[in-house]
Amino acid sequence: MKTDLRKLTTVNPFAATVEQTEALLGEHHVVAWSRSLHTREDYGIELVRHLRGITGSETVVINGAVVHDLDGFCRQLERSMPVLVEGVPSRVARTLDGAGGVVERLRDRSGDPSRPTVRQRYYVWRDADTLLRSDEGLFARLVDALAGVAAESEYASEDLLLLHRTVFIGGAALAGYAEQPTGPFNAWLTETPTDGTASRRPHPSFWSVVTGLPRPPFARLYVA
């Protein structure tokens, strides 16, 4: 008796959602969430697989389950986005804006040496709400940095365009945080002077001044 091979074909239940995510990434970063841990994990796997198959792209995966502080985030960048100096992977300085730190690594254009024509760089931050729970302030600054470097590359850099897009994957806590009107998913971060000067009004956001964008472009997506 012949076996009907069509019945043995595994249907990817996330195919439509992954395609929807890719479409959103044309203009936005994406906050993707689900109440189900199993759903989030499977969606993340399928999304990474899909993005890595896009010609001219590079995908940087952040395993958020082990990111509880800046050191953990930097370790993920070193692992998923290595930069070689004289053939040796360089260390990311444990600082956001300082020399050799996170922002400098995000700006790096050397990319994957096996894929020299990278035009798009995707960051997939799985279990992003782990750091949100551990250190909300640091999480906000990292979101701001990822969106800011992307906007700078797209709107303010004279170099050949490198499109940066980030997908943050998490649960209900991440979705709720993404709704905050003054949070990093809806507004560039500003800092209030604390040096004793007469004016304590927030400084204009660095990224809004550099890029001219009034807010970072984010879309939210529920993964069923």
Side-chain angles (χ1 to χ4, degrees), residues 5-6 9-34 39-64 67 73 75-85 87-90 92 102-128 142-143 145-170 185 207 211 213 216-224:
L5 295 179
R6 291 174 297 177
T9 300
T10 300
V11 177
N12 177 6
F14 298 102
T17 308
V18 165
E19 290 180 3
Q20 184 181 3
T21 305
E22 183 186 355
L24 289 171
L25 289 172
E27 299 290 339
H28 304 83
H29 307 283
V30 175
V31 178
W33 74 282
S34 173
T39 296
R40 297 195 300 268
E41 289 179 342
D42 287 350
Y43 162 75
I45 291 171
E46 293 301 327
L47 178 63
V48 170
R49 181 181 301 162
H50 178 81
L51 294 177
R52 283 180 170 165
I54 296 176
T55 301
S57 72
E58 174 187 15
T59 302
V60 177
V61 179
I62 304 298
N63 177 13
V67 176
F73 186 83
R75 287 178 183 273
Q76 288 297 301
L77 282 187
E78 291 166 347
R79 180 186 65 84
S80 295
M81 191 180 166
V83 172
L84 302 181
V85 177
V88 179
S90 64
V92 179
V102 171
V103 168
E104 186 172 308
R105 178 59 60 97
L106 297 177
R107 285 172 171 156
D108 186 87
R109 289 173 173 263
S110 58
D112 184 342
S114 67
R115 309 179 79 173
T117 57
V118 172
R119 298 186 298 272
Q120 299 163 297
R121 179 182 292 159
Y122 298 108
Y123 305 87
V124 179
W125 189 343
R126 301 171 62 184
D127 296 306
L142 287 170
V143 172
L146 284 159
V149 169
E152 178 186 56
S153 175
E154 193 166 354
Y155 295 99
S157 175
E158 296 182 356
D159 294 330
L160 185 66
L161 174 65
L162 173 61
L163 194 71
H164 300 251
R165 292 291 185 264
T166 303
V167 181
F168 300 83
I169 303 175
F185 292 118
W207 296 118
T211 67
L213 290 184
F218 277 93
R220 287 174 282 282
L221 177 66
Y222 178 67
V223 183

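Counting from 1, the numbers follow the sequence of the chain as shown. On a predicted model such as this, the values are computed, not experimentally measured, just so you know.
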For the residue pair [X] and [Y], establish whether any side-chain heavy-atom pair is separated by less than 4.5 Å.
| X | Y | answer |
| --- | --- | --- |
| H164 | V149 | yes |
| E46 | P13 | no |
| P89 | L84 | yes |
| M81 | Y123 | yes |
| L213 | W207 | no |
| N63 | R126 | no |

Provide the closest heavy-atom pair for [X] versus [Y] in the form atom of the first, atom of the second, distance.
| X | Y | value |
| --- | --- | --- |
| E27 | P217 | O-CB, 3.6 Å |
| S90 | R105 | OG-NH2, 2.8 Å |
| A224 | T39 | O-CG2, 3.8 Å |
| P82 | S80 | CD-C, 3.4 Å |
| E78 | V92 | OE2-N, 2.8 Å |
| R52 | V61 | NH2-CG2, 3.6 Å |

Measuring from [X]:[atom1] to [Y]:[atom2], what's the distance to the nearest 0.5 Å?
| X | Y | atom1 | atom2 | result |
| --- | --- | --- | --- | --- |
| W125 | L146 | CH2 | CG | 6.5 Å |
| Q120 | L161 | CD | CG | 9.0 Å |
| L163 | E154 | CG | CD | 5.0 Å |
| R165 | R121 | CZ | CZ | 13.0 Å |
| S110 | E58 | OG | CD | 8.0 Å |
| L51 | L25 | CG | CG | 6.5 Å |

*With sequence neighbours excluded, give me every side-chain hydrogen bond (donor to acceptor under 3.5 Å, both in side chains) pair touching residues 16-26.*
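Those involving residues 16-26 are T21-Y43, E22-H50.
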*asked:* Taking atom CZ as the centre, does R75 end up with more than 12 heavy-atom neighbours from other residues, nucleotides or ligands that are less than 6.0 angstrom away?
replied: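 No, not enclosed.
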*Once the angle between the rings of F185 and F218 is folded into 0 to 90°, is it parallel (under 30°), tilted (30 to 60°) or perpendicular (over 60°)?*
perpendicular
*Are any side-chain N or O atoms of T211 and backbone N or O atoms of Y155, one a donor and one an acceptor, separated by less than 3.5 Å?*
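Checking the backbone N and O of Y155 against the side chain of T211, no donor-acceptor pair under 3.5 Å is found.
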_Flag, side chain of T59 to backbone of V48, donor-acceptor distance under 3.5 Å_ =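 No, T59 side chain to V48 backbone: no donor-acceptor pair under 3.5 Å.
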*asked:* Out of the candidates D42, I169, V223, only one should pair with S34 under the side-chain contact (heavy atoms from CB on, under 4.5 Å) rule; please name it.
replied: V223
